[in-house]
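Structure first, commentary second.
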Amino acid sequence: MYAGDTVRMNVTSDLSETATVHWHGFHLPARADGGPHQPIEPGGSWTARFDVRQRASMFWYHSHAHRRSGPQVYQGLAGMIYVRDSASEALDLPNDYGVDDIPLVVQDRAFASDGSLIYSTRMHNVMMGMMGDTMLVNGIVEPVFEAKSDRLRLRLVNGSNARFYRFGFDDGRSFHQIGTDGGLLAAPLPTDNVVLAPGERAQVIVDVSDGRPVSLVADGLEIMGMGNMGRRMRGSGPMRDSDRPVDNWMMGDRGGRGGMMGERERRDGMMGERERRDGMMGGMMDERRRFTVLDIRPAASRRRAIAMPRQLATLPQIDPGDAVRTRRFVLDMGMGMRMMRGGGFTINGKSMDMQRIDETVRVDTTEIWQVENASMMAHPFHIHDVQFRILDRNGRPPDAAEQGLKDTVVVYPGETVRLLLRFEDYTDPDLPYMYHCHILEHEDAGMMGQFTVTA
Ligand code: C2O
Ligand code: CU
Ligand code: CU
């Protein structure tokens with residue numbers, strides 16, 4: 001899509017259950033959002049019409065059926081959308097789709113021996129989210145890419161149901177992050193890793209002019225634990241292994257490493273000494289495995305790289321003083337009996353109710369949303385309709401990698417993250433947008449709420 005286009009998305013369902021198609025990251029009218037209020041019945045169809053009012057970025061779409069997002073996305077109801085615009089096109093960045101501009105939708109899956117997908121909602125998978133031991137990248141296993149250009153732009157979408165990853169290259173080479181969920185950063189950010197929770201995206205530029213094969217790898221990150229989690233997001237430099245929250249395990253998957261998860265992945269490269277040591281104690285944690293995302297083999301003759309632009313985009317100014325109010329959102333999992341009864345996954349103590357509008361926002365206002373994590377697990381908090389900015393994490397400014405436009409933000413245990421949102425237009429007194437945890441099993445279990453934007 002091109003910014004400024006008017007698009008009409010015609011969706012027809014051949015499925016045997018009700019589904020939806022949500023345009024994740026898009027600013028659009030609530031009736032076109034494709035959330036749980038726009039169900040498509042089996043055999044039915046749905047048309048969403050909207051203007052593309054986005055900066056260039058990679059967005060994605062996926063099912064958002066009430067209480068069924070997890071299994072439906074897992075089965076394949078997800079895809080990606082490129083939005084282009086003239087400002088980004090004018091930059092000297094790799095832009096040739098499939099040649100030097102490569103989308104990578106990353107999703108872990110578990111397969112049975114007959115090749116069918118395993119989706120299980122036993123307690124552990126609801127609590128931790130559904131994880132698998134096989135990485136699918138754009139739907140395929142172990143892709144190999146022949147690079148015909150010295151410089152590649154990789155667009156990463158963490159389309160996994162629950163797994164958090166830290167991406168990097170197996171030889172530790174540095175690269176540039178150039179974009180976040182909703183568009184380009186102000187300037188390229190040199191780094192050697194990018195962390196993405198479910199729902200988050202990033203664009204990176206990697207140089208392969210040395211002609212050596214290299215693999216993009218993703219280390220699964222553990223997401224349980226108290227205290228240390230927030231710390232690793234705060235520094236300005238690349239995260240080090242020693243920053244990883246290995247000390248504070250509250251709970252692990254002691255019994256859950258049977259059958260469906262295969263043998264442990266090899267741990268080296270990006271994994272540090274401390275983590276290897278702790279690996280014994282953390283042996284029950286399925287999350288911490290390494291996946292190969294893409295084997296890159298530079299072709300013998302390649303397009304030469306040109307210099308990286310120094311400036312990428314002008315981001316909207318953020319002034320918390322513009323906010324007319326602050327809303328608080330407390331994420332909780334209500335461990336123990338409450339969770340066993342299925343009522344534990346809440347925002348502000350409430351489980352998702354389709355009939356209840358939780359928040360009403362006035363159009364043409366700016367607000368601060370303060371998201372607090374009262375649980376023992378990290379949650380990626382996603383908000384429909386807007387691209388927001390992160391003001392601070394526990395009072396400190398976000399990492400450079402998070403200073404762009406975002407629609408999903410990780411809130412670590414014990415953390416308070418403040419977001420600045422501007423609600424420009426599109427009012428609807430009845431139809432709401434969603435905000436929720438993007439661990440899809442948490443969303444399905446109720447960690448979701450609804451807001452309307454009204455005149
Ligand atoms: Cu990516 Cu409400 O979803
Ligand atoms: Cu969304
Ligand atoms: Cu969650």
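Just so you know, ligand 1 is whichever comes first in the structure, and atom 1 is the first atom listed for that ligand. Since this is a predicted model, take the numbers as computed values, not measurements.
The nearest N, O or S atom of H442 is closer to the Cu ion (ligand 3) than 2.8 Å. Using a cut-off of 2.8 Å, one finds that H382 contributes no N/O/S atom close to atom 1 (Cu) of ligand 1. In summary, H384 places an N/O/S atom under 2.8 Å from atom 2 (Cu) of ligand 1, meeting the contact criterion.
Here the N, O or S atom of H24 that is nearest to atom 1 (Cu) of ligand 1 is ND1. Nearest N/O/S atom of H379 relative to the Cu ion (ligand 3): this is ND1. Counting just the N/O/S atoms of H62, the one with the shortest distance to atom 1 (Cu) of ligand 1 is named NE2.
Among residues two or more places apart in sequence or in another chain, the ring-ring contact (aromatic ring centres under 6.0 Å, His included) test is passed with Y74 by Y119. For Y97, the ring-ring contact (aromatic ring centres under 6.0 Å, His included) partners at least two apart in sequence or on another chain are Y82.
For the residue pair L391 and L420, the shortest heavy atom distance occurs at CG-CB, 4.0 Å.
Atoms NE2 of H64 and NE2 of H436, as seen from atom 2 (Cu) of ligand 1, are separated by an angle of 100°, to the nearest 10°.
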Item to check | Trace of the salt bridge (charged side-chain N to carboxylate O under 4.0 Å, His left out) decision for D358 with R356 | outcome: CA-CA 6 Å; D358 299 283; R356 183 190 68 227; 2.6 Å; yes
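Side-chain contact of H379 with H436: a donor-acceptor pair under 3.5 Å is absent, judged by distance alone.
Partner of I178 under the side chain to side chain contact (heavy atoms under 4.5 Å, CB included) criterion, out of L93, L185, L91: L93 alone.
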